[in-house]
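Each remark here refers to the structure printed beneath this line.
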Amino acid sequence: MAIKPRTYNEAKRLFNCMSLKKYFDRMTDDVVEELYCFLSENEGTNIRVFPHHIVLIDANHNPVRTIKYKGAPKGFNFKFITLTCNDFFITPFPTTYASSSSSVGDYGGSSGNNNNNNNNNNNNG
């Protein structure tokens with residue numbers, strides 16, 4: 001790879017781009033270099049990585065180029081990855097619950113039981 005970072009931010013940007021190799025079996029150094037160069041062009045650019053394609057987005061939030069990805073993603077159990085000049089974000093799939101009672105039982109049911117026990121104790125005393 002021809003990239004030789006000179007600053008902390010350049011090294012961080014390269015590390016973030018290289019981190020995509022953890023999620024894609026056959027991501028080449030050429031693609032990593034293209035992503036790095038695109039992010040280096042302008043601080044407002046970003047990249048969205050989906051399971052089968054990568055979208056390069058300019059500072060005005062317009063898609064500039066889409067790179068089709070032929071390799072199957074490995075461990076891609078989230079909605080997409082966003083790369084910016086300095087950051088690497090993973091956006092998970094939204095979590096849904098079957099009903100509101102399941103979340104109450106998991107996170108707040110004991111509080112309701114304590115209130116009932118306190119009420120019963122107050123009525124008996």
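Of the possible polar contacts, none joining the R48 side chain to the V55 backbone as a donor-acceptor pair under 3.5 Å is found. Between the side chain of N60 and the backbone N or O of N62 there is no donor-acceptor pair closer than 3.5 Å. Distance alone, capped at 3.5 Å, places no donor-acceptor pair between the K79 side chain and the P92 backbone.
The CG atom of N46 sits 11.0 Å away from atom CG of D87, with the distance rounded to the nearest 0.5 Å. In this structure, the separation between OG1 on T7 and CZ on R13 is 7.0 Å, given to the nearest 0.5 Å. Here the straight-line distance linking atom CD1 of I3 with atom SG of C17 works out to 7.0 Å at 0.5 Å rounding.
Within the 4.5 Å cutoff, the side chain of I47 has heavy atoms near those of the I54 side chain. Counting only heavy atoms from C-beta outward, the side chains of E10 and Y36 approach each other to under 4.5 Å. Looking at heavy atoms from C-beta onward, I90 lies in side-chain contact with Y23 at the 4.5 angstrom threshold. Counting heavy atoms from C-beta outward, F88 and T82 have side chains that stay 4.5 Å or more apart.
Between N42 and C85, the shortest heavy-atom contact is O-SG, 3.5 Å. The two residues D58 and F38 come nearest to each other via the heavy atoms N-CZ, 4.2 Å. In terms of heavy atoms, L35 sits closest to L20 at CD1-CD1, 3.6 Å. Contact record, L83 with L39: O-CD2, 3.8 Å, taken as the closest heavy-atom pair. In terms of heavy atoms, M18 sits closest to V32 at SD-CG1, 3.5 Å.
For F78 and F89, the ring centers are positioned 6.0 Å apart or more.
By the criterion of side-chain heavy atoms lying less than 4.5 angstrom apart, applied directly or through intervening Ile, Leu, Val, Met, Phe, Trp or Tyr residues, F15 is not grouped with V49; the two fall into different hydrophobic clusters.
Contact check on D29 versus K21 returns a salt bridge, with a Lys/Arg side-chain nitrogen under 4.0 Å from an Asp/Glu carboxylate oxygen.
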